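These notes are about the structure you will find just below.
Note that the structure is a prediction, hence the values are computed from the model and not measured. We use all heavy atoms of the structure for the numbers below, so side chains are in, but hydrogens, waters and symmetry mates are not.
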Amino acid sequence: MRVTLAVLTLLAATGCTVAAPASGQAGGQDRTTVVVGYQSKTINTVTAGTLLRSLGYLEKRLGDKYAVEWQDFETGAPITAKMVAGKIDIGSMGDYPLLINASRTQHIPAARTELVSITGYNLRGGLNMVVVPPGSTAKTLTDLKGAKISASVGSAGHGTLVQALERAGLDPAADTEIVNHQPAVGSSQLESGGVQGYAQFVAWPGLLVFQDKGRLIYDGSALDVPTFHGVVLREAYAEEHPEVVDAFLKAQMDATRYLHEHPLEAAESVARTTGLPAEVVYLYNGRGGISTFDVTLKPQLKAAHEHDVPFLKRIGTDFPGVDVPAFVNDTYLRKAYGAAYDTDVARLTNPAAITGTDPVCGGPVDDPRTASELWPAGATTTRPAATPTCLLRQIAKAGDTVRAAYVPDTVTGTKWFAADSVWLRDPGATANARFLPFTTQDGADAYREDHPKAEPISYEAALKAAEQGGDT
């Protein structure tokens, strides 16, 4: 991060000259190259990166005049550095890196950038999480006082960690040691014991838990501050090539529609490209997933950006501040989207909800607060469940043929793996609502304070009891 910031500072100080668009030949025809920076494993950006690239929608919309060069990175910082240097035209990254992007380019006219669309978001902050080793005794963030915590400095995961630690009464600088790592390096450090905690963005926490290399200790949804990823482009490039911006945004909308209509196929496609397990991709990007994919620039996300500015000033990124309203520009998106924009920008429901008929409990699956989902092994479709209890019954019937099973946290709604959730049994609830899942032990304990009759139960015991009707 220090190297990246040094490069950015040098470019700003020298009044960097933005490079001219590259061009090449294909079939005897000159083509202008459009350079797109993306993060393949940051799967909240797939509609502007991994999935969009694999579907070829951008190339189809641009036609023969343009060639698209895709550049893949682990985090947003190098994309910003290349945008300052004029080497990337369009990029996608998380909310905190977007603010850094804006701050580094706002005083360089040739490199100034604009936020023009959203890829995916979570209104409560569930895209960022903190995990610990499976055998750790830590149950809450306060248990990490004095510990080393891996994070990518300046990332959305880092920003969430700082806010969460402060809310828990800890001083991030004095009470913990935050170690700057790329996500993959931090993952290895957690496994080897080099750090005791790991704070990252989608999809790394889910991946570690799925691989039994981590246990979730903090769900970003507890912060209740929206988090998102978005598309940023160079203002000068957009003014020179508005047709490219229009094509990109329409292609992104095409990819978003595909994701909503073909969630399993999209998850399998992203998995093949990135090497991530499809079950993890689907956790975030599937029906009722942790991420809601919607390109519109919602007021709640703009407000969250304003809320995040003070935290960036305190996390050691030499962040000078940014004019957020000037950075956000929905002009291009409004034109590409059409008349429905104002209606859809006000919509906060997930367009890809879990729906259908519960095959065990019966009746419609129509409440997103309890809707759960089973992915049977070898199946090309998932099965809906009206409640987590109904899902447990499905799993019990399925036996060992389960590929993945997902439930929403009882309070935050964060979608999580059923087998890795913390479960409570409420003896006073109706038969189909007796078992309650939580992403973290902390969340379950907080729930019990207001519901003292709820009692802890293991996942295995909950499966057995649900199969028998929930009364044992």
Side-chain angles (χ1 to χ4, degrees), residues 18-40 42 44-73 79 82-83 86-93 98 101 105 111-120 229-262 266 269-270 273 293-297 327-342 344-345 351:
V18 176
S23 61
Q25 271 199 341
Q29 185 177 10
D30 286 331
R31 297 196 297 174
T32 299
T33 299
V34 182
V35 185
V36 180
Y38 72 112
Q39 303 166 67
S40 63
T42 306
N44 195 42
T45 65
V46 294
T47 54
T50 307
L51 183 63
L52 176 60
R53 180 180 184 179
S54 66
L55 292 170
Y57 287 162
L58 179 57
E59 288 82 355
K60 292 174 185 176
R61 284 196 173 271
L62 287 173
D64 294 335
K65 285 186 176 182
Y66 295 91
V68 182
E69 179 182 327
W70 298 88
Q71 295 187 9
D72 187 10
F73 301 90
I79 297 177
K82 284 203 162 191
M83 293 188 84
K87 300 297 185 181
I88 287 179
D89 305 312
I90 302 172
S92 56
M93 59 190 74
L98 283 167
N101 182 287
T105 65
R112 187 177 296 124
T113 57
E114 297 175 311
L115 173 64
V116 295
S117 71
I118 301 299
T119 55
H229 290 70
V231 174
V232 64
L233 50 77
R234 292 192 292 109
E235 184 181 280
Y237 181 85
E239 291 174 354
E240 186 176 354
H241 298 286
E243 73 284 356
V244 174
V245 179
D246 188 69
F248 187 93
L249 293 174
K250 287 178 178 176
Q252 185 192 348
M253 287 187 282
D254 293 339
T256 303
R257 190 177 304 112
Y258 179 90
L259 183 69
H260 292 160
E261 295 174 353
H262 308 281
S269 173
V270 171
T273 301
F293 283 87
D294 183 333
V295 300
T296 60
L297 289 154
F327 176 54
V328 180
N329 180 7
D330 66 359
T331 304
Y332 295 106
L333 185 58
R334 283 182 174 274
K335 179 177 180 294
Y337 204 98
Y341 185 82
D342 285 325
D344 289 350
V345 80

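- Atoms CG and CZ, from L297 and R334 in turn, are 9.5 Å apart once rounded to the nearest 0.5 Å.
- N329 and T331 form a side-chain donor-acceptor contact under 3.5 Å, judged by distance and modelled atom types alone.
- Y66 approaches H241 most closely through the heavy-atom pair OH-ND1, 3.6 Å.
- The shortest side-chain heavy-atom distance between Q252 and V231 falls under the 4.5 Å cut-off.
- Residues K65 and D30 are not paired through a salt bridge, judged by the lack of any N-O separation under 4.0 Å between the basic side chain and the carboxylate.
- The two residues K335 and D246 make their nearest non-hydrogen contact at NZ-OD1, 3.9 Å.
- Here the CE-OH distance, from M83 to Y237, works out to 10.5 Å after rounding to the nearest 0.5 Å.
- Note: S117 OG to Y332 OH = 13.0 Å, rounded to the nearest 0.5 Å.
- Between the side chains of S92 and Q39, no donor N or O sits under 3.5 Å from an acceptor N or O.
- Considering all non-hydrogen atoms of both residues, F73 and G37 come closest at CE1-CA, 4.5 Å.
- Here the shortest heavy-atom pairing between A111 and R234 reads O-CG, 4.3 Å.
- For the atom pair E239 CD and L233 CG, the distance stands at 10.0 Å (nearest 0.5 Å).
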**Item:** Verdict with reasoning, T256 to D294, per side-chain contact (heavy atoms from CB on, under 4.5 Å)
**Value:** CA-CA 7 Å; T256 303; D294 183 333; over 6 Å; no

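- Taken from CH2 in W70 to OH in Y38, the straight-line distance is 7.5 Å, to the nearest 0.5 Å.
- Aromatic ring orientation, Y341 versus Y337: perpendicular (interplanar angle above 60°, classes split at 30° and 60°).
- A distance of 12.5 Å separates CD1 of I90 from CD of Q71, quoted to the nearest 0.5 Å.
- Ion pair D254/K250 not flagged as a salt bridge, since none of the NZ, NE, NH1 or NH2 atoms sits closer than 4.0 Å to an Asp/Glu carboxylate oxygen.
- Here the closest heavy-atom approach between residue I79 and residue G91 is recorded as CG2-CA, 4.1 Å.
- The two atoms that bring A336 and M253 nearest to each other are O-CE, 3.5 Å, heavy atoms only.
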**Message:** Before you tell me yes or no, could you show the steps for V36 and E69 under side-chain contact (heavy atoms from CB on, under 4.5 Å), namely the whole-Å CA-CA distance, both residues' side-chain angles and the distance that decides it to 0.1 Å?
**Reply:** CA-CA 6 Å; V36 180; E69 179 182 327; over 6 Å; no

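- Between L51 and L259, the closest side-chain pair of non-hydrogen atoms falls below 4.5 Å.
- Contact check for L98 versus F327: side-chain heavy atoms found under the 4.5 Å cut-off.
- Looking at V328 and D330, their side chains never come closer than 4.5 Å, going by heavy atoms from C-beta outward.
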**Asked** Does the pair Y258 and L52 meet the rule for a side-chain contact (heavy atoms from CB on, under 4.5 Å), with working shown?
**Response** CA-CA 10 Å; Y258 179 90; L52 176 60; over 6 Å; no

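- With contacts defined as side-chain heavy-atom distances shorter than 4.5 Å, the pair T45/M93 does not qualify.
- Among residues two or more places apart in sequence or in another chain, the salt bridge (Lys or Arg N to Asp or Glu O under 4.0 Å) test is passed with D72 by none.
- Residues V244 and L62 are in side-chain contact: their nearest non-hydrogen atoms beyond the backbone lie under 4.5 Å apart.
- Between the side chains of T105 and T113, at least one donor N or O lies within less than 3.5 Å of an accepting N or O.
- With V232 as the fixed residue, the side chain to side chain contact (heavy atoms under 4.5 Å, CB included) test singles out one of N101, V116, I88: N101.
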**Request:** Apply the test side-chain contact (heavy atoms from CB on, under 4.5 Å) to residues T296 and I118: give CA-CA distance (whole Å), side-chain angles for both, the deciding distance (0.1 Å), then the verdict.
**Result:** CA-CA 6 Å; T296 60; I118 301 299; over 6 Å; no

